[in-house]
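Following: one structure in structure tokens, then a few remarks.
We count ligands from 1, going down the list as the structure has it; atoms in each ligand are counted the same way. Residues: numbered from 1 along the sequence shown. Remember, predicted model here, so these are calculated numbers, not experimental data.
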Amino acid sequence: MSTAKIAFIGGGNMATSLIAGLVADGYAAQDICVSEPNPERRNALQARYGVRAFAESTEALADAGTLVLCVKPQIARQVCTAMAPTLPSAAPLVVSVMAGVPERTIQGWLGRPLPIVRAMPNTPAMVQTGAIGLHASAEVDAEGRNRAETILRAAGLIRWVDDEDKIDAVTAISGSGPAYFFLFMEALEEAGIALGLDPETSRLLTMQTALGAAKMAIESDAPPSRLREQVTSPGGTTERALEVFADADLRGLIARATAAARDRAQALSKTLSEDQ
Ligand SMILES: NC(=O)C1=CN([C@@H]2O[C@H](COP(=O)(O)OP(=O)(O)OC[C@H]3O[C@@H](n4cnc5c(N)ncnc54)[C@H](O)[C@@H]3O)[C@@H](O)[C@H]2O)C=CC1
Ligand SMILES: O=C(O)[C@@H]1CCC=N1
């Protein structure tokens, strides 16, 4: 077994993001294998990143020290049980990015209590600006954590959580989170058009404002509440807009929306764990 060799099972969007980050970080492309049934995706991965792509997982898995499970949760059971007899005998580290599939369920499907790192990335990983929550099963040692960090850090910021249940909260905040910010951008852009701006101007002003606000929030020592106050002149325009948000209980709405996402993540995990 080679600890350097990584086998991606599934070569879709999330796998491509992680591979792009690894290769850009200087990870040797010949140490990365992908199992992907779609021939166009296989060819694209080989051509673009120089990795080796196979139609069958058996070939991708040979000698791999780390498996990265990047298939859809709905087919995870079938993929894992089919792979189980062909896994390298030395216990490989398994990194799963599959939403809602508990560590013990994956271990059950793979037929062995392999060390599992469960990761919840988000789509900005595609531009190496992801936010990724990680949890390690009891079997993962310090070297395994380092290996998982190498793979995920290439796609963005990583944060470990100490309890697997907290992955459901990570899902509600950063996993689904890009959709919340995109919705806010859509609404602001539409509002700008309604106020008379041409669509292109409204779109560009919205995007740049989102980028600028995020950059300030990340780079500043001040919390977002202080940055908000800096924009808000007493008796001015921002104050009026924020009053409308407060009247509609925007904070309460966000708390309810994220609790609903967390509850859905819990329910999905329960369904998939009952599927063992
Ligand atoms: N999109 C998102 O925001 C997030 C996605 N995820 C998780 O990432 C995982 C992958 O999602 P995406 O990359 O968006 O999906 P995708 O559909 O782009 O990729 C899945 C790939 O698996 C391949 N596949 C199908 N059967 C296979 C098999 N038997 N063996 C190997 N590969 C097979 C498909 O051809 C496809 O290319 C999912 O489990 C999802 O829950 C996690 C966090 C966020
Ligand atoms: O919406 C979903 O269920 C997945 C999990 C996080 C982002 N997309």
Side-chain angles (χ1 to χ4, degrees), residues 6-21 32-46 48-49 51-61 64 67-84 86-87 94-103 105-106 109-110 116-127 129-135 151-152 155-159 161 166-183 257-258 260-272 275:
I6 303 171
F8 283 84
I9 309 302
N13 295 320
M14 201 46 83
T16 303
S17 306
L18 296 174
I19 291 168
I32 301 175
C33 287
V34 189
S35 143
E36 167 56 58
N38 179 314
E40 284 97 49
R41 288 196 171 163
R42 277 202 306 278
N43 291 341
L45 286 164
Q46 292 192 149
R48 187 147 183 210
Y49 303 108
V51 300
R52 289 177 293 153
F54 303 94
E56 296 294 329
S57 63
T58 325
E59 288 170 278
L61 282 173
L67 313 186
V68 189
L69 298 176
C70 293
V71 293
K72 292 285 189 195
Q74 295 78 3
I75 62 159
R77 179 192 185 143
Q78 174 206 325
V79 170
C80 289
T81 51
M83 216 163 53
T86 60
L87 286 177
V94 178
V95 176
S96 166
V97 303
M98 301 182 300
V101 190
E103 289 156 13
T105 303
I106 299 170
W109 289 339
L110 293 175
I116 312 258
V117 170
R118 200 172 146 193
M120 173 46 61
N122 61 12
T123 55
M126 291 179 200
V127 288
T129 315
I132 303 140
L134 297 174
H135 179 264
I151 296 167
L152 276 315
L157 173 130
I158 53 169
R159 295 290 297 177
V161 293
K166 290 184 187 165
I167 288 286
D168 294 330
V170 171
T171 306
I173 299 301
S174 54
S176 299
Y180 315 153
F181 286 101
F182 294 137
L183 176 66
T258 50
R262 189 271 323 273
D263 292 351
R264 182 65 185 145
Q266 282 175 345
L268 288 171
S269 294
K270 197 158 175 288
T271 314
L272 286 160
D275 193 27

What is the closest protein heavy atom to [atom], and at what distance does it sit?
atom	answer
atom 7 (C) of ligand 2	Gly175 O, 3.4 Å
atom 2 (C) of ligand 2	Ser176 OG, 4.8 Å
atom 3 (O) of ligand 2	Leu268 CD1, 4.9 Å
atom 4 (C) of ligand 2	Ala99 CB, 4.7 Å

Out of curiosity, [X] [atom1] to [Y] [atom2], how far, rounded to the nearest 0.5 Å?
X	Y	atom1	atom2	answer
Gln266	Arg262	CD	CZ	5.0 Å
Ile173	Lys166	CD1	NZ	13.5 Å
Met83	Ile9	CE	CD1	5.0 Å
Ser17	Met126	OG	CE	5.0 Å

task = Would you confirm whether Arg42, through its side chain, and Pro37, through its main-chain N or O, come within 3.5 Å as a donor-acceptor pair?
result = yes

Within the 4.0 Å heavy-atom cut-off around ligand 1, the contacting residues, ordered by chain and number, are Gly10, Gly11, Gly12, Asn13, Met14, Ser35, Glu36, Pro37, Arg41, Cys70, Val71, Lys72, Pro73, Ile75, Val79, Val97, Met98, Ala99, Met120, Pro121, Thr123

- Does Glu59 CD have over 12 foreign heavy atoms under 6.0 Å away? yes

Please determine whether side chain to side chain contact (heavy atoms under 4.5 Å, CB included) holds for the pair Met98 and Val71, giving the CA-CA distance in whole Å, both sets of side-chain angles, and the decisive distance to 0.1 Å.
CA-CA 7 Å; Met98 301 182 300; Val71 293; 3.8 Å; yes

Full working for side chain to side chain contact (heavy atoms under 4.5 Å, CB included) between Val101 and Trp109:
CA-CA 11 Å; Val101 190; Trp109 289 339; 3.6 Å; yes

